[in-house]
Amino acid sequence: MSKPLSRRALLRLAPLERRFYQRDTTEVARALLGTLLLRELPEGLVAVRLVEVEAYLGVGDRACHTFAGRRTPRTEVMWGEAGRLYVYFTYGMHHCANVVTRDAGVPEAVLLRGAVPGFGREAVVARRHGREGRALLDGPGRLCQGLGLDRADNGADLTSRGGVWLADDGLRLPDQWVRRGPRVGVASAGEAAAWPLRFRVELDAPAAGT
DNA sequence: GACCAGATGTACT
DNA sequence: GTACATCTGGTCT
């Protein structure tokens, strides 16, 4: 990767601005690949680089929590302003984190599915009970566990350095490194199941895998 | 790689 | 009240 990350350098990075998130959701998903997700934990600062995301296109997307205009206490954050974190609990034991996009009233989001550690790796591994490799942060539930994200972080503003935010350290990923395909776990979503809204990049081995 | 159990919040009847 | 979920980890092949 680029030069080694330091706490000082990371804290100097400007958080991504709200404008970044107010664009087309698919565009935001692609742009999020390679950016840094920063998290202030009791153990210290953690930074991970996003390598897999999925776009969820709101009221017209059967796989999306807000399909057909569903607006409930859980999905309320998705209906609000862009640049906030939408965290929900699923399968009785896992959390999933999304980034809200578009304008208020347009409930779309990008699910954060996978990352690789960049700084504060020890804290992440400890929270993942010593797991390494693909099992460390590959999967939305794992990502949340590794970064200590839960419903307490629902609605967090990602555009300022609070407990969790996103920043760009200048890494640019060429399109040929990016794999695009159908989303995971949405088989029952009708035609929406086939939409190529999943973006993944292999930072270590660009040519491998899906 | 395929299969399956696990534990509970959320949405909907 | 009840069906099911934007999954993960463990087991077996």
Side-chain angles (χ1 to χ4, degrees), chain A residues 21 24-33 37 48 50-80 82 84-102 106-117 124-156 158 164 166 179-202 205 208-210:
Chain A
Y21 304 101
D24 174 82
T25 301
T26 307
E27 223 176 280
V28 175
R30 168 64 179 87
L32 280 171
L33 284 181
L37 176 60
V48 301
L50 295 176
V51 298
E52 185 174 346
V53 298
E54 284 176 357
Y56 283 85
L57 304 185
V59 300
D61 179 358
R62 191 175 287 278
C64 186
H65 284 170
T66 55
F67 174 65
R70 280 200 297 257
R71 185 167 187 164
T72 66
R74 181 176 64 151
T75 63
E76 192 56 34
V77 172
M78 283 189 70
W79 289 86
R84 289 191 180 269
L85 196 65
Y86 169 47
V87 183
Y88 64 87
F89 183 76
T90 188
Y91 286 97
M93 59 187 92
H94 303 297
H95 294 278
C96 295
N98 302 252
V99 173
V100 177
T101 60
R102 304 289 301 267
V106 185
E108 305 189 5
V110 176
L111 171 66
L112 308 181
R113 285 197 63 89
V116 293
V124 175
V125 172
R127 283 177 180 265
R128 290 284 301 128
H129 310 295
R131 291 173 193 285
E132 299 275 0
R134 286 183 71 85
L136 183 58
L137 290 172
D138 196 352
R142 292 164 171 168
L143 183 60
C144 284
Q145 188 183 48
L147 294 183
L149 294 171
D150 59 30
R151 271 170 303 170
D153 300 292
N154 190 37
L158 297 167
V164 55
L166 279 155
R179 300 298 167 110
R180 191 170 172 175
R183 294 170 292 181
V184 174
V186 298
S188 59
E191 65 169 39
W195 295 349
L197 298 179
R198 176 185 188 215
F199 295 86
R200 182 177 176 91
V201 59
E202 306 288 342
T210 54

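Lettering follows sequence order; numbering is per chain, from 1. Note: hydrogens, waters and symmetry copies are ignored here, and every other heavy atom, side chains too, is used.
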Return yes if the base of C:dT6 and the side-chain atoms of A:Tyr88 contain a donor-acceptor N/O pair under 3.5 Å, otherwise no.
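Counting by modelled atom types and ignoring angles, a donor-acceptor contact under 3.5 Å is found here.
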So if I take every side-chain heavy atom of [X] and compare against [options], which nucleotide ends up nearest?
X: A:Arg131; options: C:dA5, C:dG10, B:dT10; answer: C:dG10
X: A:Gln145; options: B:dA11, C:dG9, C:dC7; answer: C:dG9
X: A:Arg142; options: C:dT6, B:dG9, C:dG9; answer: C:dG9
X: A:Met93; options: B:dG9, C:dT6, B:dA7; answer: B:dA7
X: A:Arg70; options: B:dG9, B:dC12, B:dA7; answer: B:dC12

Nearest 0.5 Å please: distance from the CZ atom of A:Arg71 over to the CD atom of A:Glu76.
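The distance works out to 4.0 Å.
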Has [X] got a side-chain N or O lying under 4.0 Å from the OP1 or OP2 atom of [N]?
X: A:Arg74; N: B:dT8; answer: no
X: A:Arg134; N: C:dG9; answer: no
X: A:Thr72; N: B:dT10; answer: no
X: A:Arg128; N: C:dG9; answer: yes

Pair A:Arg128-A:Gln145, side chain to side chain donor-acceptor pair (under 3.5 Å): steps then yes or no:
CA-CA 7 Å; A:Arg128 290 284 301 128; A:Gln145 188 183 48; 2.3 Å; yes
B:dA7 pairs with, by Watson-Crick or G-U criteria that keep both distances under 3.5 Å:
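Its partner is none (no Watson-Crick or G-U wobble pair with both distances under 3.5 Å).
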Which nucleotide, in any strand shown, forms a Watson-Crick or G-U wobble pair with C:dT6, with both distances under 3.5 Å?
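Pair assignment: C:dT6 / none.
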Would you mind reading off the distance between [X] atom [atom1] and [N] atom [atom2], rounded to a whole angstrom?
X: A:His95; N: C:dA5; atom1: NE2; atom2: P; answer: 19 Å
X: A:Arg62; N: C:dA5; atom1: CZ; atom2: P; answer: 13 Å
X: A:His65; N: C:dA5; atom1: NE2; atom2: P; answer: 10 Å
X: A:His94; N: C:dC7; atom1: NE2; atom2: P; answer: 9 Å
X: A:Glu132; N: C:dG9; atom1: CD; atom2: P; answer: 13 Å

Taking NZ, NE, NH1 and NH2 as the nitrogens, is one of them in A:Glu54 or A:Arg183 under 4.0 Å from a carboxylate oxygen of the other?
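Looking at A:Glu54 and A:Arg183, the cut-off is not met.
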Salt-bridged, A:Asp138 to A:Arg200, with N to O below 4.0 Å?
yes
Taking the side chain as every heavy atom from C-beta outward, state whether A:Tyr86 and A:Thr75 have any atom pair closer than 4.5 Å.
yes
